[in-house]
Structure formats: C-alpha cells, structure tokens
Amino acid sequence: MVDAYRPKTLAEALKIRNETDCLPIAGGTDLMVQKARGTGLGPGFEKPLLFVGHLPELHRIEKKEGYIHIGPAVLLSELLHNPLISDTFKKAVALMASPPSRNLATLGGNICNASPAGDTLPFLYAADAELLLENHEFERRIAIEDFITGPKQTDLKPDELLTDIIIPDINFPVTYYKKVGQRRGMSLTKASFHGLADVLDGYVEDLRMAFGSVAPTVVRSRDIENSLIGESVNSLKNRYQEILELYEPLIQPIDDARSSAMYRKNVCFNILKDFLNYLEKNQGDII
C-alpha cells in the first residue's frame, strides 16, 4: 500500500511535487507493467503516487503563435480525432497498442517513459518538438532530444512536471512513416522511422529523419540532414551507400526478446533506402 495524491489544480500538484518525493502518473499503462508483481499482487510502487491525468490544465490541444500545444495528459485516442494533429503523426499513433490502451495512455506518459521504442518519439524528434517543464516557482523549455537522456532516463527534476508539448505548426509536403513489429498494429516496435521533407523543383529544402528502437535514444542527426539540403532528390538515391555509412555508427540496436540487433540494423537501412526512393518517385505525396 502506498500513499496517493489527487490534486484539484496544477498549482496544487506542483506544490505536492515540491514537498513530496512522489511519482507522477497519468494513464499508467507503462508504469503498471513495469511495477507488476504477479497474479494477485498489487503493483510495487516504492513512492507515493501523484495522479495528474485528470488535471484540466494538462488536458488541451490548441494552436497558438505558430505552434501546436498539446497537454501531456491528452490521450492517444484523442490525438487521432483532433484536426490540429497532422496526419503523419496520427499514423504513428494509430499503430500504437490496442484501442483500450490508447483510451488510457497519454502522450506525456509516452515521452516521460523515455523508451527508445516509444512510438510517438521519432515524429516528435523530427518535428523539433519542445517540452515545457514547471516546478512551483519556475518553468523551462527544452528540446525533446535534450530531455530524454537515455533508456528510461530524462532530465525531469524531482520537483518538476511536464506541462506542455510544443510542436512547430509546419506542413511538410513529403511525409513517410514505417514501423516494423510482429504485426501491423498493437505490437511492440522492433524498429521505426519518421521522415519529413520539403522539396522544391526537385531539390531538398528541408529534410528530417528519425529512427526509433535502434539506439539508447531516438537517432536523429542534424549534421547528416544538413549535408543533404540542396541535393536533388534524384541524386540522393545514388548516394544511398554514402548516407548509410554516415548513419552506421549511430544505429546501434541491441539484442532483446523482440528481435536481434543485426535484424534491426538491416531493417533500418532498408527503410532508409525505401525513404530515399520514395522521395525520388513521390515528391509531395503522403504515405
């Protein structure tokens, strides 16, 4: 048995967070699995729980000053039905877990869980998403790639809560998403990839590529992307081997129950090749 807090406001939640060594919990879909102790036993939480999923301040989706703001307590299923959420992000969310889980799991939970296989993360990395973190006195804004520091590790301080997920409202003409699992949906990710591109007259003006589940954190290299800006989409396909060699030291998957490292690495490189071919053949289309 552990203590639990259910504050009525965000301010009250931040006060409790400041005064108590507690564990924030929203949907709890991942935490309940991580803390499970077996049949007939309750989950083994070591700290008091701070329930935040019901707080209205954390439950909103709005467009403001060129950004889409998503409250961390927004359910995955709600993302699928909101017109402010891009179709390419919805595609990744739609392949996550089961419908009942999507009706309980939250976007903030998927971020704070910091799993390299987190299905929302490749898009958020590619989209340059930022996070707002607050304690009872201050707030700070941080890029998602700086927030997630390793598997199950984040820069969230003991007195802070994630209070906003901020995504630039940019429409990419070319979007591409691939997830490899045991089956198309409702399965844990072996490897995933989100690509976003802006192409003008056959030349790359903006290019984002993010790989999930193949390293301790999501892999995205701005240096590699920037080196490809200005290239014609026709030439990118011919540079595949060179691009692959640039990513090779960054793609470092592990062997686990889901898949072997060698399989994951090969899948990643095949997806990268497919994306470059897609850019050449389908400029401006969405898959």
Side-chain angles (χ1 to χ4, degrees), residues 66-68 84-95 116 118-130 143-146 166-181 184 189-215 217-253 262-287:
Y67 292 90
I68 304 298
L84 294 178
I85 304 303
S86 68
D87 288 340
T88 188
F89 192 25
K90 287 179 179 177
K91 186 170 184 178
V93 173
L95 293 178
D119 285 296
T120 66
L121 301 184
F123 171 80
L124 295 173
Y125 273 64
D128 284 342
E130 295 181 297
I144 189 168
E145 60 206 73
D146 295 327
I166 307 160
I167 305 172
D169 185 24
I170 301 174
N171 180 32
F172 285 87
V174 183
T175 66
Y176 176 103
Y177 175 68
K178 276 285 192 297
K179 170 181 174 176
V180 177
R184 183 173 176 79
T189 302
K190 293 174 182 283
S192 63
F193 175 89
H194 224 122
L196 305 174
D198 191 0
V199 179
L200 180 64
D201 297 330
Y203 289 86
V204 175
E205 294 221 316
D206 196 349
L207 183 63
R208 321 276 184 88
M209 296 181 283
F211 300 84
S213 200
V214 291
T217 63
V218 168
V219 172
R220 183 185 170 198
S221 170
R222 284 179 169 77
D223 288 340
I224 297 175
E225 293 169 358
N226 290 336
S227 72
L228 303 176
I229 302 297
E231 289 279 345
S232 74
V233 291
N234 296 328
S235 69
L236 282 184
K237 187 179 71 172
N238 297 328
R239 292 182 60 186
Y240 164 69
Q241 190 61 38
E242 176 191 342
I243 297 170
L244 183 152
E245 290 173 1
L246 292 173
Y247 277 107
E248 204 283 335
L250 305 179
I251 307 294
Q252 297 293 336
M262 181 179 295
Y263 175 81
R264 281 192 166 110
K265 200 158 194 172
N266 288 334
V267 163
C268 262
F269 292 155
N270 287 336
I271 292 175
L272 176 60
K273 186 175 185 178
D274 191 50
F275 174 57
L276 297 178
N277 285 331
Y278 174 77
L279 269 177
E280 184 201 25
K281 296 176 180 177
N282 303 281
Q283 300 171 39
D285 292 337
I286 297 174
I287 66 172

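One is the number of the first residue; the rest follow in order along the sequence.
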About how many Å separate [atom2] of [Y] and [atom1] of [X], when rounded to the nearest 0.5 Å?
X	Y	atom1	atom2	answer
K91	S86	NZ	OG	12.0 Å
E248	K265	CD	NZ	3.5 Å
I243	I224	CD1	CD1	9.0 Å
L276	N238	CG	CG	10.0 Å
F269	Y247	CZ	OH	10.5 Å
L124	I166	CG	CD1	12.0 Å

Provide the closest heavy-atom pair for [X] versus [Y] in the form atom of the first, atom of the second, distance.
X	Y	result
G230	Y203	O-CD2, 3.3 Å
A92	H194	CB-CE1, 4.2 Å
E225	R208	OE2-CA, 3.4 Å
V267	A191	CG1-CB, 4.1 Å
F211	C268	CD2-SG, 3.8 Å
N270	Y240	N-OH, 4.5 Å

Quick one: does [X]'s side chain get under 4.5 Å of [Y]'s, heavy atoms only?
X	Y	result
I144	L121	yes
V180	Y263	yes
L246	S221	no
V174	V233	no
V219	Y125	no
M209	L228	yes

Next on the checklist: Surrounding NZ of K273 (heavy atoms of other residues, nucleotides or ligands, distance under 6.0 Å), is the total greater than 12?
Outcome noted: no
Next on the checklist: Can you tell me if D201 has over 12 outside heavy atoms packed within less than 6.0 Å of its CG?
Outcome noted: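 No, not enclosed.
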Checklist entry - Out of I170, D198, L196, which residue meets the side-chain contact (heavy atoms from CB on, under 4.5 Å) rule with D206? => result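 Of I170, D198, L196, side-chain contact (heavy atoms from CB on, under 4.5 Å) with D206 is met by D198 alone.
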Checklist entry - Between the main-chain N or O of P253 and the side-chain N or O of R264, is there a donor-acceptor pair closer than 3.5 Å? => result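 Side chain of R264 to backbone of P253: no pair is present.
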Item to check | N/O donor-acceptor pair under 3.5 Å between K179 side chain and D119 backbone | outcome: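 It does not hold such a pair.
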Checklist entry - Between the side chains of Y176 and D274, does any donor sit under 3.5 Å from an acceptor? => result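 Looking only at side-chain atoms, D274 and Y176 do form a donor-acceptor pair, the distance falling under 3.5 Å.
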Item to check | Worked check of side-chain contact (heavy atoms from CB on, under 4.5 Å) between F123 and T175 | outcome: CA-CA 10 Å; F123 171 80; T175 66; over 6 Å; no
